[in-house]
Structures are given as structure tokens and as C-alpha cells.
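Excluded from the calculations below are hydrogen atoms, water molecules and symmetry mates; all remaining heavy atoms, backbone and side chain alike, are included.
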Amino acid sequence: METQTQTLKKETKIPTECMTGAEAVIRCLLAEGVDLIYGYPGGAIMPVYDELYKFRDQLHHVLTRHEQGATHAAQGYARTSGKVGVAIATSGPGATNFVTGIADAQIDSTPMVCITGQVGSHLLGSDAFQETDIIGISTPVTKWNHQITKAEDIPAVLAKAFYIARSGRPGPVLIDITKDAQFGELDFTYTKCKGVRSYKPVPETDPKSLEAAAKLINEAKKPMIVFGQGVILGEAEEELKNFIEKSGIPSAWTILGLSALPTAHPLNVGMVGMHGNYGPNKLTNECDLLLAIGMRFDDRVTGNLEAYAKQAKVVHFEIDPAEINKNVEVDIAVMGNVKNTLAQILPLVHQDSYKSWLQEFRDCDTVEYDKVIKEELFPDKEGLSMGEVLRGINQETKGDAVIVSDVGQHQMIACRYAEFTKSKSNITSGGLGTMGFALPAAIGAKMGAPEREVVAIIGDGGYQMTIQELGTIFQTRVPVKIVVLNNDFLGMVRQWQELFFDKRYASTEMVNPDFIKIAEGYHIKSVRVTKREDLQKAIAEMIASSEPHFLEVCVEKENNVFPMIPTGASVSDVRLE
């Protein structure tokens, strides 16, 4: 039987050298170009941390305050840098605290390598102190995982881990290393992995699918594009822009596709989904051709599948064969990285424009502005709205900032109203919807793109789930800007209770602490805003600061986010009130 090492294709080798497994882990990370990792030490991973101390000038370690924070920080780093995020922790609770971040990375296709320590191999299965079967636990939420029990296996397994994490449709990989494997010795040499038998990360593109798709595009009268994060992961932003501008097709985005196309682009028609824009949701069921580019037809995008785009031909540009016909039956599947497939189809597509069709989107924009947006961005009542906070941030950042949002009403407001001029600017928890994501993810996002302004938009509920990461900010002095939109409620759940449960606000009202005092306890500059006349000055001061900065904005307690597609409803049933 072919060994694991034999499945790897050769590249440049480091000369053989005798060392411990723990040192081999560090050498593998360095060979993969890793210079920053997030983690939390403990007994079962201590040999690796001991070696990490020796290499601290080459490999910077960020001590988070919780292992979940390490995974979210690694996600934020990966999302802004385009590199593989790395997180490290001990066995037992250290490993299980990784699971939420790993699951988040899996559903949002974020490349990440997580390394956990494990009890000695002779203790496996004995319920030893801090032993958990992290391989069994993490199997459903990883792209690949593996347990190492022998030191000599470390280089090949870690090489494979990085290759799998970053190739094709990216995702998280977990490697569990027993303590005796860390202490054991091996003759170290490192070969970067360039291929794995039976794993084909990028499927071949059938030229006939390109021709058939181009024919449908050229014949369409009311075509519509919905693009997702696959464009960003495939680094296909320029190809998408060229395709849109030549074809003239109105283009909407999923929550994770946001920023792949500048928000001000004339063919950008807004966000689809439960709290997306009125036009692209409503007109999904009026287009005659739906082009899905690097998106997966999530249920929050489609609403009731029985009533989703049934009148339209559907062309799906996708890298993962598992997504084809999973939720929506398609007429043509164009397989491959969208960077390549969009470039290949471009010469086949006619130069076109759809002025009357595009005007239908703009007419819907007018309706939405009058019924929803005007009051959200320019409220005529005393209380502050979340939307006007985003408007103020746009004014100060000119659309150049990275916005890292948590999960809830503020997330939908941020995605609806934040303006972006650059890709990799919208960092949020999409598929898993993880409250507590934003604060640690913002730390990683800033470290992944230190030249960019990074602003975290967080609700008072999610903020308290990972509030301990203020300690990480204090220790590292990473200059993230934190905005908590405080409505003293779990706002999104409260909205549902108001609309669908007769205002029975069961366990959603928050009795919050003094967030200013907490931030000041970590020596972070802090400001609270309760009045409109103080808002813009506070935002300007925050953005101008070169230090970490905390801004609490007390907003209306019972505002709702519209438009909204109720659960089980069709996208045509999008509500404006």
C-alpha cells in the first residue's frame, strides 16, 4: 500500500537534521511561510511551546484569552491576508474550545490549520486527564483531520494539512499530535505537498459548458448575477468586473460576496437574502437567467426553494462539485476556479446592456429608500439608529476600511450600509452565524492587513461572548477600532419575537455592565455616545486614533431591520415593514 509520504510530489527539500517532533512542528510552519500564529498553551502542547520560545524571533505567537478567540483571530487573519490562518492549543478543553471556530471556518470556506496537543499515545482511549477524541469530534466540521502518534510522521502530515487547507475550496484542517510524538526524535526533512492521491481540488472545465452558458447569456432578456465569496477566494475580482461590464448584467451579492465588487459600481444592485435589498430579492423571481458565481444557494439567500427562480434558467459557476444541484437544480454547471472560467467565457459573451431591466432594480431601490433606508440613515426621531452609525463610519473611512461584524441586527445593518472600494473588506460569520466572532476576528484581520483601518461592529450580546479578548488587544496593542451598538437586547431574536411571537420577549432583554469601565480597565481609550450631535465627532476621533479605541453607541432599543423575508417565505414575499 502506498505510504502517505509517497503521495507527495517533490519540491525543494531542507537538508536532513535530527530533532524532536516539537521542533519539527515549528520548522514545518516556517517552511510553509507562517510567521504568525494564535493560541493558548497547556500541558499536552507544552513541548511545541517550548520550541516556539526558541524560535520567537521568526514565528510570532499571539496569546489569546480563550481558544475560541484563537480560531476566530486566525480566521480574520486568513480573510484579510489571503494566507492560511494557524491556531494552536492543548488537548481536552483546549481542543474542544476550538470546535466553534473550526465549524465557522468550514462553512465559510476559510483556510486554517489548527494544531492540538494530545495525551501520550499509550493513554489514548483510557479517559486520561484532559483527553478528548478531538478527531472524532471535529470530523464533521473539518476539511481533513489527522492524529499523529509518531514523530517521523509530522513533516508529511503538516505538509498535507497546508495543501488541503489552501487548495480548491479552502477550509479548516485539524492536526492532533500526541505528547510522545512531540518528544520523539526524527531525521527532519520537509517537502511541500503539491498533490494528494484521490483529491482533485479544482475540477476540469468542460469547454462545452462554457459555450452553452455563453449562448444562454447572449439570448437572455432579463439576466441577473448573484456572486459569492468564491470570487474573493479565487482572487477573481478583476475577472468578475470585466465579465459584468462586458455583459452589462445587473449583479447582486451574498453576504460573503460583499466587497468583491465596489459597492458604488453602476451594475451593483445590492444584497440578496433574508435582510437583503428589495430589488434583487424581488426580481430574482422575474429574471429569465440566473448566473450564480462562486456561491452555494444558502437557505438565507433562496428562501422557500419551491418558489425560487422557477421561471429562470440557472447557470452555476462553481469549484466544488458537491454544491451542484444540492439546493437548486441548474441547467448548466461551469466547473472550475471562477478566476479561470470567467476569463474563458468572456470572449464568448456579447457586449450588451439591459437599461430597462436595470431600471427595474433602480425603481425598487427608490421604493426601498422611501420606506426603509431614509429613516435608517437619516432618522427623524430622537433615538440613534444603527444605520446612521454606519453612515458616519463611511464618511470617515471613504469605503477603504475593513468592517468586521458580529452576528445579529448590527451585522445586517453593517452589510446593508457599509461602503467598500476594495475586496477582502467585509469580514463576518456567514454560514454558522457565530456570536462572539467579531472581536477576536478583528484582531486577526488587522494583523493580516496592518496597513488598513479595521473597524469591528458588534452588538451588546455578541460582544460579551468574547469580551475577554480585550486582554489580547491590551497586550498586543493591535489598533483595532471597536464599535458596540448597544440596544440592551438580543436584537435579532427580539425582532422575531415581536413579529412572529406576539412580542413575548422571552430571555432577550440584556442587563449590561458598564462597557466603558471594562474597556478602560484594559487601558483602551473609550467613549460612549447617547446623542446625535456627539456621534460624528466621536467616530472621527476613533478613526483618527493610532491606538485601540472603543466606542459604545446607545441606539434605539426596539428598531427592526427591514427588508425581511420571513422564514419559509419566497424571495418575492420580501417585506418592507
Side-chain angles (χ1 to χ4, degrees), residues 221-228 249-258 268-292 295-314 316 326-330 356-376 386-387 407-417 430-431 433 491-504 558-577:
K221 304 300 181 185
K222 291 186 173 184
M224 174 178 166
I225 290 170
V226 177
F227 62 88
I249 300 175
S251 301
W253 35 269
T254 69
I255 188 173
L256 293 184
L258 174 56
N268 187 332
V269 295
M271 181 170 74
V272 292
M274 180 170 282
H275 291 284
N277 293 105
Y278 180 57
N281 274 319
K282 181 175 180 291
L283 297 178
T284 293
N285 280 355
E286 296 182 27
C287 69
D288 60 3
L289 176 64
L290 181 62
L291 301 171
M295 56 85 77
R296 59 185 182 86
F297 291 112
D298 176 74
D299 64 293
R300 286 293 175 102
V301 166
T302 65
N304 182 358
L305 283 169
E306 296 301 316
Y308 181 76
K310 292 301 180 182
Q311 79 295 336
K313 297 285 187 181
V314 179
H316 196 173
K326 186 177 80 173
N327 295 323
V328 172
E329 291 288 328
V330 305
S356 60
W357 172 231
L358 181 61
Q359 187 59 44
E360 293 189 40
F361 288 89
R362 298 312 174 202
D363 292 343
C364 288
D365 291 345
T366 300
V367 172
E368 183 179 348
Y369 182 85
D370 290 341
K371 293 205 170 200
V372 177
I373 297 174
K374 182 179 178 181
E375 179 61 24
E376 185 62 52
M386 295 184 186
V407 172
Q409 287 182 316
H410 63 279
Q411 177 191 33
M412 295 297 101
I413 292 293
C415 291
R416 283 177 51 78
Y417 298 117
M492 186 61 82
V493 184
R494 186 215 57 76
Q495 176 170 335
W496 282 53
Q497 290 171 333
E498 176 187 337
L499 297 176
F500 307 115
F501 293 88
D502 296 325
K503 296 187 178 182
R504 292 187 295 274
E558 296 187 39
N559 271 3
N560 291 330
V561 182
F562 286 105
M564 180 181 184
I565 302 171
T567 299
S570 162
V571 291
S572 298
D573 298 325
V574 56
R575 293 175 51 173
L576 291 172
E577 56 188 7

Q) Partners of N277 by side-chain hydrogen bond (donor to acceptor under 3.5 Å, both in side chains), sequence neighbours excluded? A) E368

Q: Applying side-chain contact (heavy atoms from CB on, under 4.5 Å), name anything that partners S251, two or more places apart in sequence or on another chain.
A: I225, F227, I244

**Q.** With sequence neighbours excluded, residues passing salt bridge (Lys or Arg N to Asp or Glu O under 4.0 Å) with E329
**A.** none

Q) How close do P223 and W357 get, heavy atom to heavy atom, and via which atoms? A) O-NE1, 2.6 Å

Q) If every non-hydrogen atom of V407 is compared with every non-hydrogen atom of G433, which pair is closest and at what distance? A) CG2-C, 3.5 Å

(Q) So does F501 get a backbone contact from the side chain of W496, meaning a donor-acceptor N/O pair under 3.5 Å? (A) no

Q | Worked verdict on Y417 versus I373 for side chain to side chain contact (heavy atoms under 4.5 Å, CB included) | A | CA-CA 9 Å; Y417 298 117; I373 297 174; 3.7 Å; yes

Q. Does some side-chain heavy atom of N560 sit less than 4.5 Å from a side-chain heavy atom of R494?
A. yes

Q) Could you give the distance from CG (L258) to SG (C415), rounded to the nearest 0.5 Å? A) 5.5 Å

**Q.** Min side-chain heavy-atom separation M386-M412 under 4.5 Å
**A.** no

Q) Is there a donor-acceptor contact under 3.5 Å from the side chain of N281 to the main chain of V574? A) no

Q. Distance from C287 atom SG to K221 atom NZ, nearest 0.5 Å?
A. 15.0 Å

Q | Minimum side-chain heavy-atom gap P280-W253 below 4.5 Å | A | no

Q: Output the distance between atom CD1 (I249) and atom CE (M224), rounded to the nearest 0.5 Å.
A: 11.0 Å

Q. Is there side-chain contact between Q411 and I255, with heavy atoms separated by less than 4.5 Å?
A. yes

**Q.** Q497 and R504, any side-chain heavy atoms less than 4.5 Å apart
**A.** no

Q: Please name all residues satisfying side-chain contact (heavy atoms from CB on, under 4.5 Å) with N559, sequence neighbours left out, ordered by chain then number.
A: K381, S385, E556

(Q) Holding to side-chain hydrogen bond (donor to acceptor under 3.5 Å, both in side chains), I want the full list of residues that pass it with H275, two or more places apart in sequence or in another chain. (A) none

Q.
Considering only residues two or more places apart or on different chains, which pairs with a residue in residues 298-310 satisfy side-chain hydrogen bond (donor to acceptor under 3.5 Å, both in side chains)?
A. R296-D298

**Q.** Any pair counted as salt bridge (Lys or Arg N to Asp or Glu O under 4.0 Å), so long as it reaches residues 271-288, sequence neighbours left out
**A.** K282-E286

Q: Apply salt bridge (Lys or Arg N to Asp or Glu O under 4.0 Å) to K326 and list each qualifying residue two or more places apart in sequence or on a separate chain.
A: E323

Q: State, yes or no, whether a side-chain contact exists between Q495 and M564 at a heavy-atom distance under 4.5 Å.
A: yes

Q. For D365, which residues count as a side-chain hydrogen bond (donor to acceptor under 3.5 Å, both in side chains) partner, sequence neighbours excluded?
A. R362

**Q.** Nearest heavy atoms of R416 and G276, plus distance in Å
**A.** NH1-O, 3.4 Å

Q) salt bridge (Lys or Arg N to Asp or Glu O under 4.0 Å): which pairs involve residues 561-575, sequence neighbours left out? A) none

**Q.** Min side-chain heavy-atom separation V272-V571 under 4.5 Å
**A.** no

Q. By salt bridge (Lys or Arg N to Asp or Glu O under 4.0 Å), which residues pair with E376, not counting sequence neighbours?
A. none

Q.
Can you give me the closest heavy-atom contact between L576 and P563, atom names plus distance?
A. CD2-CG, 3.6 Å

(Q) According to side-chain hydrogen bond (donor to acceptor under 3.5 Å, both in side chains), who are the partners of Q311, at least two apart in sequence or on a separate chain? (A) none

Q: Grab the two heavy atoms, one from L290 and one from F297, that are nearest each other, plus how far apart they are.
A: CD2-CE2, 4.1 Å

